[in-house]
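As the structure lists them, so they are numbered: ligands from 1, and atoms in each ligand from 1. Side chains included, hydrogens not; waters and symmetry mates left out as well; all remaining heavy atoms used.
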Amino acid sequence: MTAPVSADDRPIIRIEDWEALAEQTLPKGAFDYVHSGAGAEETLRKNERAFQQWDLLPKILTNVENVNLGINLLNRQLPTPLLLAPVGFQTVVHPEGELASARSAAGLGIPYITSTVSSFSLEDISAVMENVPRYFQLYWPNDEEVAASFVTRAEAAGYDAIVLTVDTALLGWREKDLQNRYFPMQTGAGTANFVTDPVFQQKYNPSGLLTQEELTAEIKKILLNQSLTWEKIAWLRQQTSLPILLKGIIHTEDGKKAVAYGADGIIVSNHGGRQLDGVRSSLNALPFISKEIQGEIPILFDSGIRRGPDILKAIALGADAVIIGRPYVYGLTLGQAGVTAVLTNLLHDLETSLALTGTASLSDIDGSLIARTGNSQ
Ligand code: FNR
């Protein structure tokens, strides 16, 4: 696969250039859907800026000839600390959507998290990811039978974990999407897991005759669940033997509760600034949470990672693994080759940056390598 080049025949390296390519290529509604955040986009901006508030403190003369990016997560050895975020509706970016992203991830041994609102069924996505860990992200539908069916299907299809998104009791106030009158499901994208679900079909479309518009309306009615509480984690636990990760934790108290309620891991995340605007940046939430629960359950991190040093900062502040969303989706504008180019560049940057901190092995990154800008070490 040849690396994508820009119109003037230069390789596309910078994530800003991938973003610009997506903006030039995609219809406005689709680009804004991917790019934007909730409200005034305060949290979206804070997520990226937070990385500038922390300084890396490299140590010299340490022999970094052999750099090792490997980690162990949920009892699997992984080649890098990177996972791909659940991002729904990917056919609005490229016709091969999630299949292209998952194939790219699989080619690099990177775990892929399939969204509930993916444009291909969770089974079809799993099928392109032989031997690579894959997680299923659950938006807990407002119908327990459908929720149970999704989880059962994910387990049967070979998924390794359930990622329960807990910051989406309802959809954030996304002004650009509202202004563009853009709701991606209306394009037909994002319905695959529902239309292939026997329980959903039997309950909501028994005649099989619903139009696309009617079907979308039925899905919208049950997609999210505003009445979810911590007690429900026990119910989910009974449905599956897979590890359960809670995605969307910012409050330190919630990190502690996740441990108390038996979660197998958490993802410190504010949904890439797409849910509650004004929320603390994910990076600045991380050290408070890791101080309380590090070593008890794995702490994953997302929201704002764009470059290799960002990953090092998150790990130095207590993350065991990191997840990216928008960067790979911008790459998806050019299909699988684009995703692979974004990931390969990011990993080269990470490898270079790790060596330059004077640490040969990622598992040796710790708090001594980072300080709040201006603070002593
Ligand atoms: C998302 N995200 C998301 N999260 C989730 O749990 N289920 C989903 O279906 C989606 N869909 C989705 C679509 C798009 C277009 C984006 C950009 C994001 C959130 C995602 O998993 C992740 O938390 C953020 O993208 C991380 O922030 P960055 O890396 O985009 O800054």
> Who pairs with Q77 by side chain to side chain donor-acceptor pair (under 3.5 Å), at least two apart in sequence or on another chain?
Replying inline: N72
> Would D167 and K247 count as a salt bridge (charged side-chain N to carboxylate O under 4.0 Å, His left out) if you check the C-alpha gap in whole Å, the side-chain angles of each, and the deciding distance to 0.1 Å?
Replying inline: CA-CA 7 Å; D167 60 11; K247 173 176 183 282; 5.2 Å; no
> Just by distance, with hydrogens left out, do Q275 and R174 show a side-chain donor and acceptor under 3.5 Å apart?
Replying inline: yes
> Are any of the side-chain heavy atoms of V268 and I299 separated by less than 4.5 Å?
Replying inline: yes
> Are side-chain N/O atoms of T114 and Y159 paired as donor and acceptor at under 3.5 Å?
Replying inline: yes
> What distance do L74 atom CG and Y135 atom OH have between them, rounded to the nearest 0.5 Å?
Replying inline: 4.5 Å
>> For a quick check: using heavy atoms under 4.0 Å, what are the residues in contact with ligand 1, sorted by chain and number?
In response: Y33, V34, A85, P86, V87, G88, S115, V117, Q137, Y139, T165, K247, S269, H271, G272, R274, D302, S303, G304, R306, I324, G325, R326
